[in-house]
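To start, the structure under review is shown below, and the notes come after it.
Reckoned from all heavy atoms, side chains included, excluding hydrogens, waters and symmetry mates. These numbers were taken from a predicted model, which means no experiment stands behind them.
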Amino acid sequence: MIWQSIFFLVFLPLLFSPVLLIINKQKAKEALALFAAFTALFFSILVFINPPSALVLKVIGNYSVVLGVNNLSRFTMLFTCVFCFFTVLYSLGCRQVKSSRAFLSYLLALLAFSNLVCLSLDFILLIFSWGACLILLYGLLSLGSGSSANKAFSIVGFGDFCLLLGISLYVYLTGTSIMPIGPKVLLNSAVSWLSFGLMLSGALAKAGCAPFHTWIPDAADKAPVPVMAILPASLDKLLGIYLLARICTDFFVLNNIAFAVLLITGSVTIMFAVMLAMAQHDLRKLLSFHAISQVGYMVIGFGTGNILGIAAAVFHMLNNAIYKSGLFFTAGAAAEKKGTFELDKLGGLALGMPFTFICGLVFALSISGVPPFNGFASKWMLYQSTLVGLSAATNPFMRILLIFSLVAAMFGSVLTLASFVKFIHAIFLGQDHTPDKKVTTDSTLNILVSLIILAGLCLTLGVLPGLFIKIVIQPWLGEQVLFIGTWNSALTFALLAAGLMLGFIFWKIMLAGKKSRTDDLFIGGEDPQSFNPSFPATEFYRTFQQLPAVNAIFKFIQKESLDFYNILSSGISKAAYFIAFLFNKGRQA
């Protein structure tokens with residue numbers, strides 16, 4: 001079965017990828033892409049249910065390539081195929097990518113190499129497939145803007161170079177390129193610390209965590225919505241956090257210093273990204289900053305140093321990919337109708353797009369951590385894991401960091417909810433600013449199918465989080481995930497559903513046929529013909545942003561000097577000038 005799995009998960013998408021570049025008929029390209037993505041999804045389900053044994057292939061001399069899966073990689077591969085399939089399905093009705101000859105080809109190649117990352121059980125194959133994903137990231141982003149693609153390639157490529165160096169040191173320490181199962185290396189030497197730091201940089205760069213995040217908002221301006229949905233929203237998060245999980249649980253034995261680095265990185269990422277998201281007037285940039293902030297929760301989970309935190313991080317990795325992809329799909333569907341991503345120019349779409357509105361509301365509540373949706377379930381676990389770490393910590397500095405992380409996570413959730421109140425109001429509930437006030441129709445069937453299934457996953461994982469933990473996380477960790485306190489998600493959902501149903505019945509019985517009372521707006525003597533009240537969503541939190549302390553923070557974190565790309569470019573330029581100076585001086589001597 002392993003050969004069948006490798007063929008349909010890796011080779012079939014790779015074979016179809018160049019074929020799609022040759023075919024001119026759009027319908028045929030879409031059909032082939034959908035077939036390849038669905039076939040990969042089908043076989044990823046089979047591998048998840050019945051994982052095959054590892055395959056060892058001798059390549060050169062004594063070196064062998066090892067392919068196979070463990071409990072974490074088969075879960076990651078399953079949802080890699082899920083999101084690629086729904087991205088292909090969504091793109092069938094997306095004007096942004098229909099004109100692109102290469103999008104579907106790049107997407108299938110990305111699916112193949114992402115699956116190969118999950119199937120890699122040795123570091124050499126992992127590096128090869130990881131590097132191929134970088135090239136495809138550049139190709140997909142270049143469909144929108146060459147400059148943003150260059151920036152992403154530079155930042156993520158720097159992280160990949162760090163990963164290569166870190167893996168080289170790790171292989172030197174262990175004496176083998178086979179990826180271990182279970183902690184192997186203690187952080188007790190300069191070489192082990194350097195290896196850990198470099199590999200951590202590679203994982204964080206792939207996941208889009210600070211300080212390797214600045215390419216995401218830039219790419220959001222130009223890249224097609226399906227590209228943003230598949231890269232920073234889903235696949236990059238899955239692969240980056242998958243690698244981070246392996247680093248923290250299988251490759252190294254972490255100590256308090258390593259946990260402190262993770263807690264600080266995660267907390268800072270949450271706070272600055274969610275604050276910048278609130279200030280955005282462009283729908284894509286708002287979502288891109290939230291794609292960054294959500295990584296912070298996952299990093300904090302690993303930083304707690306306990307089983308519950310690790311489980312929360314992996315659970316949140318999946319939840320984020322689900323609702324973040326759904327949010328980008330929702331934004332794209334709204335922009336297709338209005339022809340803009342500007343929040344001030346959207347509005348009034350709830351009546352014409354009821355299914356898109358309901359799904360968008362589910363995604364917004366999920367990312368905001370509102371029960372009974374999946375975002376609340378993983379954040380609730382994360383809050384508890386910080387309390388578990390706090391009760392077990394004896395180091396005063398670690399206790400302070402855990403309290404700081406808990407506050408940052410809760411602070412981020414509050415501001416995320418505020419941002420998505422603006423999101424829902426601006427798109428669906430606000431005023432329609434188009435001159436003709438034309439009532440729009442809902443999204444096409446393929447888009448609605450993608451939105452409805454993803455929204456259903458948000459609800460299912462929120463109501464039944466224990467099932468996911470039991471099936472996926474506990475077998476990987478090899479021990480039971482215990483809670484210090486919990487809530488009955490199924491009961492909460494039942495009570496909320498009953499309340500909504502009773503409210504609907506009351507409305508139908510008691511208010512049937514009765515019209516709502518309307519009255520004139522008090523305008524203080526202004527001319528009714530010229531008075532046009534407006535309540536734009538972009539002005540919701542202007543007062544908060546103008547507070548002196550908050551405004552100072554905004555100005556500080558918006559400085560271009562803090563952009564890692566600018567720092568990297570400046571450093572390389574200065575190093576090049578210095579080398580050239582030394583070379584010329586040497587020649588003159």
Side-chain angles (χ1 to χ4, degrees), residues 200 203-214 216-217 232-233 236-237 240-241 244 248 259-280 285-305 309-310 312-321 323-324 327 364 366-370 374-387 389-390 398 400-423 541 544-545 549-550 553-554 556-558 562 564:
L200 178 65
L204 295 181
K206 188 68 172 176
C209 185
F212 308 103
H213 66 282
T214 54
I216 298 176
D236 279 7
K237 295 291 181 292
I241 300 303
L244 180 60
C248 295
F259 292 138
V261 170
L262 292 171
L263 289 173
I264 293 170
T265 302
S267 301
V268 171
T269 299
I270 290 173
M271 291 195 296
F272 89 83
V274 78
M275 290 181 69
L276 283 177
M278 288 186 65
Q280 301 308 312
K285 281 207 167 185
L286 183 148
L287 294 178
S288 67
F289 277 109
H290 279 295
I292 298 163
S293 71
Q294 293 299 302
V295 185
Y297 289 93
M298 307 168 209
V299 177
I300 286 176
F302 290 108
T304 60
I310 295 170
V314 174
F315 192 17
H316 199 69
M317 170 188 79
L318 172 61
N319 291 337
N320 172 77
Y323 54 62
K324 185 57 68 175
L327 286 166
S366 298
I367 193 174
S368 302
V370 176
N374 59 346
F376 173 80
S378 52
K379 286 183 179 181
W380 182 255
M381 289 174 62
L382 183 75
Y383 301 152
Q384 292 187 63
S385 69
T386 57
L387 295 175
L390 188 62
M398 286 301 298
I400 292 170
L401 276 184
L402 285 162
I403 293 171
F404 173 67
S405 299
L406 178 61
V407 172
M410 299 182 75
F411 173 79
S413 293
V414 171
L415 293 192
T416 299
L417 178 59
S419 294
F420 282 95
V421 168
K422 180 168 74 173
F423 174 90
Y541 311 114
F544 170 75
Q545 294 171 25
V550 176
I553 295 172
F554 268 112
F556 177 74
I557 60 181
Q558 284 177 319
L562 294 178
F564 181 78

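Judged purely by atom type and a 3.5 angstrom limit, T386 uses its side chain to pair as donor or acceptor with the backbone of Y383. In this structure, the side chain of K324 does not engage the main chain of I367 through any donor-acceptor pair within 3.5 Å. No donor-acceptor pair closer than 3.5 Å links the side chain of K237 to the backbone N or O of G208. Side chain of D236 to backbone of A207: no donor-acceptor contact under 3.5 angstrom is found.
S267 and S405 share a donor-acceptor pair across their side chains, judged by distance under 3.5 Å alone.
Looking at heavy atoms from C-beta onward, F376 lies out of side-chain contact with M381 at the 4.5 angstrom threshold. Here the side chains of L263 and M398 are in contact, with some heavy-atom distance below 4.5 Å. Between P211 and T269 there is no side-chain heavy-atom pair separated by less than 4.5 Å. At least one side-chain heavy atom of I292 sits less than 4.5 Å from a side-chain heavy atom of P217. Counting heavy atoms from C-beta on, the side chains of S366 and N319 never come closer than 4.5 Å. Between L327 and F423, some side-chain heavy-atom pair lies under the 4.5 Å cut-off. Within the 4.5 Å cutoff, side-chain heavy atoms of I310 are placed close to those of F302.
Between the CG atom in L244 and the CG atom in L262 there is a gap of 6.5 Å [rounded to 0.5 Å].
The side-chain hydrogen bond (donor to acceptor under 3.5 Å, both in side chains) analysis of residues 286-302, with sequence neighbours excluded, yields the pairs H290-S419, Q294-H316, Q294-Y323, Y297-S413.
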